[in-house]
Novice: 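Have a look at this one.
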Amino acid sequence: MSDYKDTLLLPQTAFPMKANLKQREPEMLKFWETIGAYERMVAAGDPDDTYVLHDGPPYANGHIHMGTALNKVLKDIVVKSRNMQGQTAHYVPGWDCHGLPIEHKVEQELKKKNKELDTLTIRKICRSYAAKWLDVQRGEFKRLGVLGTWDAPYMTMDPQYEAATARELGRFMERDGVVRGKKPIYWCCDCRTALAEAEVEYEDHKSPSIYVRFPMADPKARELADLDVNRLFILIWTTTPWTIPDNMAVAVHPEFDYVVVEAGGDFYVLAEGLLEDCAAKFGWTDHNVLATVKGAQLEGLKAKHPIYDRQSPVVLADYVTLETGTGCVHTAPGHGREDFETGLKYGLEVYSPMNDRGEFLPEVEHFAGLNVWGANPKVIEKLEELGNLMTSRQIAHSYPHCWRCKQPVIFRATTQWFIGMDENDLRTRALDAIRNKVQWIPAWGEERIHSMIASRPDWCISRQRNWGVPISALICEECDETWFDAKWVYAICEKYATHETGCDYWFEAPIEDLVPAGLTCSKCGGSHWKRETDILDVWFDSGTSYAAVVERRAETRFPADLYLEGSDQHRGWFHSSLLASVGTRDLPPYRAVLTHGYVVDADGRKMSKSIGNVIAPQEIIDKFGAEILRMWVSASNYQEDIRISDETLNRLVDAYRRIRNTCRYLLSNLNDFDPANRVAVADLLPLDRYALDMVARRHAAIGQAYVKYEFHKVYHTLHNLCVVDLSSFYLDIIKDRLYVEEQGGLKRRSAQTVLWQTLLMLLEDMAPVLSFTAEEAFQTLPEAIKADLDQTDTVFALRFAPDEVNLPADERARWDMLATVRGEVNKAIEPKRKDRVIGKSLDAHVTLHATEAVRELVAAEDLDAREFFIVSKITLADVADLAADTPIGVFVAEDVKDLKIAVEPAPGVKCERCWRISEDLGTDPAHPAACPRCTAVLKTLV
RNA sequence: GGGCCUAUAGCUCAGUUGGUUAGAGCGCACGCCUGAUAAGCGUGAGGUCGAUAGUUCAAAUCUAUCUAGGCCCA
């Protein structure tokens, strides 16, 4: 009996069922490296049809996390799919190397060793620190199976890059887009240095809490109520009395209700909601409300400074709250972020008359020479003396401190460099670009970035730090006036580009090498210059990558087709790149911007160390393999936040096995196939033609999904193809033919022709996502199939053109109907299986009581119905002949009208070769246990 | 507090311009097979669409509010 098994053509392949990804992936990476898979992939495309995905540079600090892994895999899918669809798409990865986090880290290390170092040494250490992490991340990205020019990435600390960044600043200078202005920043009086947001630590601190009244002898105030304006005051509250000398305004909320109250013979303006709270604090007992007005009505009233003889107008601001205080906010534009913004709006002076130590300058009456902490009690004293102090006490609250010296810090206005949003209509042009020149994916990105650009203040591009690209400008030693010139900047940029450590040149060069001969200060006529020591905001670094990379590298061109980053980059890289490019090129740097969401845990919460729900890419690679991580990326809808959990991953592992096995089965049934023996579409068995059409349709859908960046559709379509169309339908049906029929016969070759094309389409569709597996299968292709291909180096250079089927719609409808009937037959068999009458479907004799239409379909000459339904006998009968009451045991179809199905054991004996039950076994004495079909095949074998 | 976004079966996703009993695959349950075998096949049970209130003859699909969550600001 087992003799017959040897006469069958059973599947055979070296492609293992078990993936063993953990071990095989690193081998595959080595293989790709050896053969130059990336180069071959890119070389296989049309050199005139380029596609540029420009990589946003991750920060070269720390290991990669799920977010960066997601981002890089998405980019890899884009790049691979574009190449495999015939375009030429290079991938030049980059890194963001400058900036505070690295400098901070390095400084912390140095502090431990009690070292204070000069700029150049700090820069040197930062440089090697960034290089170290760049290398680590490069290894981690490569491990994910991402292909690109890993040996020649771009980095913002590269001399050429630094020169390009500095040059872009020169371009802004050339267009008069750069302005100098005051801005309040965190300042440590102890370290005498500016601090970044990240360098400030909040700790408890005791501060005075004072309520102050500002006289408001504005005649216009009579409109509020019938009162004596000489006795009218507006009340404020503050915990920084030392900023009172620099007060320039009082802010109220336009929509809050404010009251005018009479108390102790005076009149006060304050928020209605805080009246009782204040009355209690001031000891008011018999106050009464004279009027209630909206904050907006107070705008423009002229209050007077409580100490000095100058005005302090009432202004409007949205950030005013009713939590504490009076609802009227003391506003000193030189000492607060919001105060500063309000100051800009109302044209208030940014007044901050103090030195690096936080000491008031001589011009400040009453407080000259005092530092801010010393000034606090003196200011209170003075207010009391003038009768404008309502009450004073001490409170403990959270207050910013310097991370280095742990001393409390202050907000202090300093001179900074800005890209003006309204210089050269930058804002207008950027907004126009957002609306008209860029495709935002998803579409809401447009609204998001538009509103950000519409409302943002000037871009402060200067930082008082060491690790970055210097702002190339000179400062007059005598009068502090700055000097710069675009041509001069360009010349210096040439030095950066050729200097071994780039713009270290700026800090190393003797000053006389930098200063143009005979340069004199336009303000004071002086001729002694020092270099500007501020560096550029790192967002300016990365924001100029279009100039440093996209325009300059041979692999890319300006503008890029796509920028692809997380949704936080609407404020970050998309934003800075747009402003820089529009400001210097009048064009956005990208044609389309795609954003993805954040990786969150199973419950949709963000990953954080404190919650302990962080999953590292490495964990997934170790447990499942990078392939599963890639699959997770494609299975998820990245436009929303993406959840990841063990359940999700386990489901994906199941799906992976299914896809892998489908590949394996296709490979194993093609081991004896030679494309030279392919069957032309016209000669294919109708079922096979239908199957090929079906696969081609799925293939086209997947191609479309790739183009539209809808990768989760790729995954779902791919999975459905393998599971529904192939595994449980087509492959199951044609098993009989593949195993049993004559090896070189049409029936078998017809099926194999379809399997062969299916496999190659499948591999193409898989490769951008399931790169490791697609390559593994590609390398395992039977020799004859390989011989037929243009190349066999790598799956990424596979460009297979399947036969065109274009099945007529009615033919497709016919098969769809048959498939539905097949489903009904399966349902009909099921109860018999429960009754143990039927085991496998081949045991069955099925009688279809059907309409003429269905009977014609099933009886069609070009359909092997027994094969199609995988049963041993089929009988057709007119449903009308069946008794009106359906006999017991006959199944009534659910999805096909007038179809009733009877199932019984097939008569006859099982053919030992094909396992079909036959009523005429042994027609040939030589093969007593074989059916006529098998007998015929057996005869050809001798 | 503001801007933008999300919320459909255990999981991952579909649900066209509002219109018959809300779909798919996986997982699960039960069964079959042992010639894809640490595979393969079949059948079945699971959602009333985050909540509430509206608009409408009719809403998962439109509006408002709320809840939970995310990004970016403050």
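Letters A, B, ... mirror the listed sequences (proteins, then strands); counts begin at 1.
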Novice: Describe the nucleic acid contact of A/Gln639 in one word from base, sugar-phosphate, nothing, applying a heavy-atom distance below 4.0 Å.
Specialist: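 Answer is nothing: A/Gln639 stays at 4.0 Å or more from every strand.
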
Novice: Using the P atom as the reference point in each nucleotide, state the distance between B/C41 and B/U34 in Å, no decimals.
Specialist: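 Looking at atom P only, B/C41 and B/U34 are 15 Å apart.
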
Novice: What does A/Gly597 touch in the nucleic acid at a heavy-atom separation under 4.0 angstrom: a base, only the sugar-phosphate, or nothing?
Specialist: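 Counting heavy atoms under 4.0 Å across all strands, no contact is made by A/Gly597.
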
Novice: Stacking check: are the rings of A/Trp915 and B/G35 less than 5.5 Å apart at their centres and under 30 degrees in tilt?
Specialist: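 Yes, aromatic ring over the base.
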
Novice: Quick one: the dot-bracket string of RNA chain B, using Watson-Crick and G-U wobble pairs with both distances under 3.5 Å, [ ] for crossing pairs and | for bases paired to another strand.
Specialist: (((((((..((((.....[...)))).(((((.......))))).....(((((..]....)))))))))))).

Novice: Checking one value: the base orientation of B/G46, syn if chi is within 90 degrees of 0, otherwise anti.
Specialist: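 The base of B/G46 is oriented syn (glycosidic angle within 90° of 0).
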
Novice: Taking for each residue the nucleotide of RNA chain B bearing the nearest heavy atom, is the 5' side occupied by A/Cys914 or by A/Lys606?
Specialist: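 Looking at RNA chain B, the more 5' nearest nucleotide goes with A/Cys914.
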
Novice: Looking only at atom C1', what distance separates B/G70 and B/C33, rounded to whole Å?
Specialist: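 The same atom, C1', in both gives a distance of 48 Å.
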
Novice: With a 4.5 Å limit on heavy-atom distance, are the side chains of A/Gln569 and A/Thr595 in contact?
Specialist: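 Side chain of A/Gln569 against side chain of A/Thr595, heavy atoms only: no contact under 4.5 Å found.
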
Novice: Measure from NZ on A/Lys840 to P on B/C32 and round the result to the nearest Å.
Specialist: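 These atoms are roughly 13 Å apart.
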
Novice: Among the candidates B/C11, B/C30, B/A14, find the nucleotide nearest to the side-chain atoms of A/Asn637.
Specialist: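 Among B/C11, B/C30, B/A14, the one nearest the side chain of A/Asn637 is B/A14.
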
Novice: Rounded to whole angstrom, note down the C1' distance from B/G46 over to B/G10.
Specialist: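 Those two atoms are separated by 9 Å.
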
Novice: So what does A/Ser567 hit on the nucleic acid, given a heavy-atom distance under 4.0 Å: a base, only sugar-phosphate, or nothing?
Specialist: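 Sugar-phosphate: the residue A/Ser567, judged by heavy atoms under 4.0 Å, touches backbone atoms but no base.
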
Novice: Nearest heavy atom decides the nucleotide; on that basis, is A/Gly445 or A/Arg664 closer to the 5' end of RNA chain B?
Specialist: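 Final value for this comparison: A/Gly445.
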
Novice: Over how many whole Å does the gap from A/Arg658 atom CZ to B/C26 atom P extend?
Specialist: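 These atoms are roughly 7 Å apart.
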
Novice: Thinking salt bridges, do A/Asp736 and A/Lys747 make one under a 4.0 Å N-O criterion?
Specialist: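 A/Lys747 and A/Asp736: not salt-bridged.
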
Novice: How many Å lie between OH on A/Tyr665 and P on B/C41, as a whole number?
Specialist: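 In whole Å, B/C41 P and A/Tyr665 OH are 10 Å from each other.
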
Novice: Considering only atom P, compute the distance from B/A24 to B/G18 and round it to an integer number of Å.
Specialist: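 Taking atom P in both B/A24 and B/G18, they lie 24 Å apart.
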
Novice: Donor-acceptor pair under 3.5 Å: do we get one between A/Lys735's side chain and the base of B/A36?
Specialist: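 Indeed, a donor on one side and an acceptor on the other fall under 3.5 Å apart.
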
Novice: Among the candidates B/G69, B/C4, B/C72, find the nucleotide nearest to the side-chain atoms of A/Met452.
Specialist: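 Nearest to the side chain of A/Met452 among the choices is B/C72.
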
Novice: Which pairs, with at least one residue in residues 652-673 of chain A and sequence neighbours excluded, count as a ring pair (Phe, Tyr, Trp, His ring centres under 6.0 Å)?
Specialist: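 Every ring pair (Phe, Tyr, Trp, His ring centres under 6.0 Å) pair that includes a residue of residues 652-673 of chain A, provided the two are not neighbours, is A/Phe673-A/Trp756.
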
Novice: I need the residues from residues 717-729 of chain A with at least one non-hydrogen atom less than 4.0 Å from RNA chain B; give them sorted by number, or say none.
Specialist: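 Within residues 717-729 of chain A, the residues near RNA chain B are A/His719, A/Asn720, A/Val723, A/Val724, A/Ser727, A/Ser728.
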
Novice: What is the distance, to the nearest angstrom, from the CG atom on A/Asp732 to the P atom on B/U34?
Specialist: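 One finds 14 Å between P of B/U34 and CG of A/Asp732, rounded.
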
Novice: Has A/Ser577 got a side-chain atom pairing as donor or acceptor with A/Phe574's backbone, closer than 3.5 angstrom?
Specialist: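 No: the side chain of A/Ser577 does not pair with the backbone of A/Phe574.
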
Novice: Side chains of A/Asn661 and A/Ile659: closer than 4.5 Å at any heavy-atom pair?
Specialist: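 When only atoms from C-beta onward are counted, A/Ile659 and A/Asn661 do not touch, as no gap falls below 4.5 Å.
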
Novice: For residues A/Asn650 and A/Glu647, is any side-chain donor paired with an opposing acceptor at under 3.5 Å?
Specialist: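 No, because no side-chain N or O of A/Asn650 sits under 3.5 Å from a partner of the opposite role on A/Glu647.
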
Novice: Under the side-chain contact (heavy atoms from CB on, under 4.5 Å) rule, collect the residues that match up with A/Arg435, sequence neighbours excluded.
Specialist: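 Only A/Glu446, A/Glu447, A/His450 meet the side-chain contact (heavy atoms from CB on, under 4.5 Å) criterion with A/Arg435.
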
Novice: In whole Å, what is the span from the CD1 atom of A/Ile449 to the P atom of B/C71?
Specialist: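 Atom-to-atom, A/Ile449 to B/C71, this comes out as 18 Å.
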
Novice: When you check the gap from the basic side-chain N to the acidic O, do A/Asp725 and A/Arg697 get nearer than 4.0 Å?
Specialist: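 Salt bridge: no.
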
Novice: Give A/Arg456 one of three labels, base, sugar-phosphate or nothing, depending on what nucleic acid heavy atoms sit under 4.0 Å from its own.
Specialist: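 If one applies the 4.0 Å heavy-atom cut-off, A/Arg456 turns out to touch nothing in the nucleic acid.
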
Novice: Rounded to whole angstroms, how far apart are CZ on A/Arg448 and C1' on B/G3?
Specialist: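 It works out to 8 Å between those atoms.
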
Novice: Strictly below 4.0 Å: does A/His712 bring a side-chain N or O up to OP1 or OP2 of B/A14?
Specialist: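 Checking B/A14 against A/His712, a side-chain N or O does come within under 4.0 Å of OP1 or OP2.
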
Novice: Looking only at atom types and distance, does a side-chain atom of A/Trp632 sit under 3.5 Å from a main-chain N or O of A/Arg643, one as donor and one as acceptor?
Specialist: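 Here the side-chain-to-backbone pair exists.
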
Novice: May I ask you to verify if any side-chain N or O of A/Arg836 is less than 4.0 angstrom from the OP1 or OP2 atom of B/C32?
Specialist: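 Yes, such a contact exists.
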
Novice: In whole Å, measure the gap between the C1' atoms of B/U6 and B/C13 for me.
Specialist: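 Approximately 15 Å lies between the C1' atom of B/U6 and that of B/C13.
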
Novice: Rounding to a whole Å, what distance do you find between A/Asn613:CG and B/G69:P?
Specialist: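 Rounded to whole Å, this separation is 13 Å.
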
Novice: Side chain of A/Glu338 only, please: which of B/A74, B/G42, B/U37 is the nearest?
Specialist: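 For the A/Glu338 side chain, the nearest candidate turns out to be B/A74.
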
Novice: Quote, to the nearest angstrom, the C1' distance that separates B/A45 from B/G27.
Specialist: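 That atom pair is separated by 13 Å.
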
Novice: Write down the distance between NE2 (A/His570) and C1' (B/C71), rounded to a whole number of angstrom.
Specialist: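 Between C1' of B/C71 and NE2 of A/His570: 10 Å.
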
Novice: Does A/Glu647 reach a base, just sugar-phosphate, or nothing at all? Heavy atoms under 4.0 Å.
Specialist: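 Base, at least one base heavy atom under 4.0 Å.
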
Novice: Which salt bridge (Lys or Arg N to Asp or Glu O under 4.0 Å) pairs, counting each pair once, include a residue from residues 9-20 of chain A, with sequence neighbours left out?
Specialist: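 Of all non-adjacent pairs touching residues 9-20 of chain A, none passes salt bridge (Lys or Arg N to Asp or Glu O under 4.0 Å).
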
Novice: Can you confirm whether the side chains of A/Arg913 and A/Thr7 place a donor and an acceptor under 3.5 Å from each other?
Specialist: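 The criterion, which ignores hydrogens and geometry beyond distance, is satisfied for A/Thr7 and A/Arg913.
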
Novice: C1' atom, B/U67 versus B/C26: distance in rounded Å?
Specialist: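 It works out to 30 Å between them.
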
Novice: Using a heavy-atom cut-off of 4.0 Å across all strands, would you classify A/Ala655 as base, sugar-phosphate, or nothing?
Specialist: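 Counting heavy atoms under 4.0 Å across all strands, no contact is made by A/Ala655.
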
Novice: Is there side-chain contact between A/Leu762 and A/Cys663, with heavy atoms separated by less than 4.5 Å?
Specialist: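 In contact.
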
Novice: Only counting residues at least two apart or in another chain, list the ones meeting ring pair (Phe, Tyr, Trp, His ring centres under 6.0 Å) with A/Phe418.
Specialist: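 Result, ring pair (Phe, Tyr, Trp, His ring centres under 6.0 Å) vs A/Phe418: none returned.
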
Novice: Consider the side chain of A/Trp444, meaning its heavy atoms from C-beta on, and name the nucleotide among B/U43, B/G27, B/C4 that approaches it most closely.
Specialist: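 My answer, after comparing the listed nucleotides, is B/C4.
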
Novice: With heavy atoms under 4.0 Å as the rule, sort A/Asn661 into base, sugar-phosphate or nothing.
Specialist: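 It contacts base atoms.
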
Novice: Taking the C1' atom of each, how far is B/C5 from B/A9, in whole Å?
Specialist: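 Taking atom C1' in both B/C5 and B/A9, they lie 24 Å apart.
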
Novice: Taking OP1 and OP2 of B/A36, is either one under 4.0 Å from a side-chain nitrogen or oxygen of A/Tyr739?
Specialist: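 True: A/Tyr739 side-chain N/O within range (under 4.0 Å) of B/A36 OP1/OP2.
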
Novice: Counting the atoms with a prime plus P, OP1 and OP2 as sugar-phosphate, which does A/Tyr598 contact under 4.0 Å by heavy atoms, base, sugar-phosphate, or nothing?
Specialist: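 Since only primed, P, OP1 and OP2 atoms lie under 4.0 Å of A/Tyr598, the category is sugar-phosphate.
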
Novice: What contact category does A/Arg651 fall into here, base, sugar-phosphate, or nothing, at under 4.0 angstrom with non-hydrogen atoms?
Specialist: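 The answer is base, as A/Arg651 lies within the cut-off (heavy atoms under 4.0 Å) of a base atom.
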
Novice: From the list B/C30, B/C73, B/U37, which nucleotide is the closest neighbour of the side chain of A/Arg571?
Specialist: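 From the listed options, B/C73 comes nearest.
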
